[in-house]
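Data first, discussion second: the structure below is written as structure tokens.
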Amino acid sequence: MPNIPSVRTAFRQWMNIVRTDFPHLAHYLDGPVIVGLSGGADSLALLVTAVNAGLEVHAVSVDHGLQDGSDLVSERACQQARNVGATSARTIAVQCAADDEAEARAARYRALGSAAAGAPVLVAHTASDDAEGVLVSLARGSGLDSVAGMRAVTEDHPVVTAGARWLGRPFLTCDRKATEHACQEAGLTWWEDPHNRYEKYLRSRVRHQLMPQIESIVGEHAPDALARSARQFRADSDALRAIARREMGTVVSRASNKKEPQETRLNCEKLASLPVALRSRIYKLWLADVAGPLTSAHLGAIDNLVVHWKGQQPTAIPWTADNSLQWHVEVLADLPENAGETGHSHRIGDMRRTHRLAVQRTDGELRYCAIPRRRE
């Protein structure tokens with residue numbers, strides 16, 4: 001049998017991580033904490049474990065309204081939370097498109113972050129989730145950063161943007177069987193989300209079809225090994241990111257235009273001397289405030305401007321989803337009729353309709369710019 005920690009052991013180990021590695025966050029555990037409560041075994045086990053650890057737990061159940069009776073599921077979960085000692089428990093209803101996992105997840109984190117109002121949010125992702133995530137990411141060819149497991153503690157997450165102080169995942173070293181056992185011990189009955197068995201979702205097929213096959217061939221230890229690999233990948237990914245952040249300071253070209261932010265340009269010669277693993281991470285860090293998710297195709301096209309320069313045109317990249325940000329970099333005209341389109345300082349939400357975001361190489365430097373869309 002794999003040596004999987006109990007939920008109590010996992011939670012205790014996580015508390016030690018917070019105190020040791022995040023001392024500036026540890027004192028928040030002395031005040032209220034928000035536990036995201038779905039009604040499933042994982043979140044109910046997290047709630048009762050946090051209560052038994054002496055935390056002031058406030059349960060928040062987010063009702064997406066995507067299934068008949070979802071409000072009853074949320075209320076039942078909240079009642080169980082009160083029964084086991086949660087200080088408070090409430091449901092927040094949100095609206096999102098049916099069968100859109102990404103939108104539902106974003107709405108959930110917005111609701112939890114708003115409810116937290118500066119307190120930490122704890123969610124019940126487990127080693128089982130990390131193991132499945134490795135397989136999903138490998139199948140998509142997403143690279144190390146995607147294959148890397150989730151962070152046990154992070155201040156860089158949508159729930160923090162929405163109002164939480166930080167996000168904690170105490171159960172990343174225990175599996176789904178451990179959370180179910182904890183619920184049985186506490187006399188809690190959990191809800192099985194039928195969406196978790198929908199074959200249209202890749203993760204559902206990985207969980208219910210692929211993982212059992214892997215266990216039958218490799219052995220029952222396989223999920224634990226995958227989760228352990230995910231944690232190792234996370235450590236490697238974070239180390240590379242830290243090195244990239246340090247090296248970024250050596251490749252930044254300071255802007256001469258006072259109207260332009262100081263770190264909008266990168267020196268191509270200095271970039272080319274770095275390994276590709278660092279270059280790709282530098283591009284992500286450099287564009288983090290203005291660009292949306294960058295695929296391997298985006299990163300490859302940007303890198304070609306550096307290491308395979310042949311006079312290419314600017315390469316288009318997605319705008320950030322934050323429409324409220326202001327654009328302060330000079331707008332470049334790609335056509336003579338757009339020559340007057342310069343000097344904009346508008347919200348990105350306004351500009352995305354009239355301009356495309358791009359990275360171009362000029363005089364041996366990379367810069368990001370807004371280029372007016374072609375006029376009909």
field: Student check: side-chain heavy atoms of Val123 and His125 closer than 4.5 Å
entry: yes
- prompt: Looking at Ile214 and Ala222, what are the two nearest heavy atoms and their distance?
  reply: CG2-CB, 3.7 Å
Non-hydrogen side-chain atoms of Leu44 and Gln80 separated by less than 4.5 Å: yes
message: Working to the nearest 0.5 angstrom, can you tell me the gap between Thr91 OG1 and Asp71 CG?
response: 8.5 Å
query: Is there a donor-acceptor pair under 3.5 Å between the side chain of Ser273 and the backbone N or O of Lys270?
result: yes
- request: Assess the pair Tyr368 and Trp286: is the distance between their ring centroids shorter than 6.0 Å?
  value: yes
message: Once rounded to the nearest 0.5 Å, what's the spacing between atom CG of Leu299 and atom CG of Leu294?
response: 5.5 Å
- request: State, to 0.1 Å, how close Gln312 and Asn304 come at their nearest heavy-atom pair, and which atoms those are.
  value: NE2-O, 3.4 Å
task: Report yes if some heavy atom in the side chain of Leu25 is under 4.5 Å from a heavy atom in the side chain of His27; otherwise report no.
output: no
message: Quick check on side-chain contact (heavy atoms from CB on, under 4.5 Å): which of Thr315, Leu271, Leu266 does Leu305 satisfy it with?
response: Thr315
message: Suppose we screen for side chain to side chain donor-acceptor pair (under 3.5 Å). Which residues come up paired with Glu215, at least two apart in sequence or across chains?
response: none
message: Less than 3.5 Å apart, any donor N or O on the side chain of Gln360 or Thr362 sitting next to an acceptor on the other?
response: yes
task: Before giving the answer on salt bridge (charged side-chain N to carboxylate O under 4.0 Å, His left out), spell out for Asp145 and Lys284 the whole-Å C-alpha distance, their side-chain angles and the decisive distance to 0.1 Å.
output: CA-CA 11 Å; Asp145 292 347; Lys284 291 179 182 179; 3.3 Å; yes
message: Could you work out, with side chain to side chain contact (heavy atoms under 4.5 Å, CB included) as the rule, every residue matching Ala89, not counting sequence neighbours?
response: Ala59, Cys78, Ala81, Arg82
task: Mark yes or no for whether Ser43, through its side chain, and Ser38, through its backbone, hold a donor-acceptor pair below 3.5 Å.
output: yes
message: What I'd like to find out is whether the side chain of Glu180 reaches to under 4.5 Å of the side chain of Asp42, using heavy atoms alone.
response: no
field: Non-hydrogen side-chain atoms of Arg241 and Leu285 separated by less than 4.5 Å
entry: yes
message: Pair Arg231, Thr173 - check side chain to side chain donor-acceptor pair (under 3.5 Å), show working.
response: CA-CA 9 Å; Arg231 293 192 290 273; Thr173 57; 6.0 Å; no
message: Between Glu247 and Arg281, does any side-chain N to carboxylate O distance fall below 4.0 Å?
response: no
- request: Decide if the gap between the ring center of His157 and the ring center of Tyr109 is smaller than 6.0 angstrom.
  value: yes
field: Ser137 side chain vs Gly133 backbone, donor-acceptor pair below 3.5 Å
entry: yes
task: Could you tell me which non-hydrogen atom of Leu167 sits nearest to which non-hydrogen atom of Arg169, and how far apart they are?
output: CD2-NH2, 3.5 Å
- prompt: Heavy-atom count around Arg8 CZ within 6.0 Å, excluding the residue itself: above 12?
  reply: no
- request: Answer with yes or no whether the hydrophobic clustering places Leu46 together with Met150; edges join I, L, V, M, F, W, Y residues whose side-chain heavy atoms lie under 4.5 Å apart.
  value: no
message: Could you walk me through whether Glu103 and His64 satisfy the side chain to side chain donor-acceptor pair (under 3.5 Å) test, starting with their C-alpha distance in whole Å, then the side-chain angles of each, then the deciding distance to 0.1 Å, before giving a yes or no?
response: CA-CA 10 Å; Glu103 185 177 337; His64 301 89; over 6 Å; no
task: Given side chain to side chain donor-acceptor pair (under 3.5 Å), test Asp175 with Ser128 step by step and report yes or no.
output: CA-CA 5 Å; Asp175 66 7; Ser128 301; 5.0 Å; no
query: Is any side-chain N of the basic residue among Arg151 and Asp238 closer than 4.0 Å to the acidic one's carboxylate O?
result: yes
- prompt: Could Arg176 and Asp129 be called an ion pair, given the rule that one side-chain N must be under 4.0 Å from one carboxylate O?
  reply: yes
query: Which heavy-atom pair separates Ala41 from Trp190 by the least distance, and what is that distance?
result: N-CB, 3.4 Å
message: Please list all pairs meeting salt bridge (charged side-chain N to carboxylate O under 4.0 Å, His left out) that have one or both residues in residues 286-310, counting only residues at least two apart or in different chains.
response: Arg279-Asp303
message: With heavy-atom distances below 4.5 Å as the criterion, would you say the side chains of Val290 and Trp319 are in contact?
response: no
task: Give a yes or no answer on whether the side chain of Ser237 reaches the backbone of Leu144 with a donor-acceptor pair at less than 3.5 Å.
output: no
- request: Please report the C-alpha distance between Glu56 and Thr87 in whole Å, then the side-chain angles of each, then the deciding distance to 0.1 Å, and finally whether the side chain to side chain donor-acceptor pair (under 3.5 Å) criterion is met.
  value: CA-CA 6 Å; Glu56 180 189 331; Thr87 303; 4.8 Å; no
query: Judged by modelled atom types alone, do Arg76 and Thr189 share a side-chain donor-acceptor pair under 3.5 Å?
result: yes
message: Please find the pair of heavy atoms, one from Ala131 and one from Leu226, that lie closest to each other, and give the distance.
response: CB-CB, 3.8 Å
query: Does a side chain donor of either Asp63 or Ser74 reach within less than 3.5 Å of an acceptor in the other side chain?
result: no
message: Could you check whether Gln232 and Asp236, counting side-chain N and O atoms only, form a donor-acceptor pair closer than 3.5 Å?
response: no
task: Give the minimum heavy-atom separation between Val121 and Leu112, together with the two atoms involved.
output: CG2-O, 3.9 Å
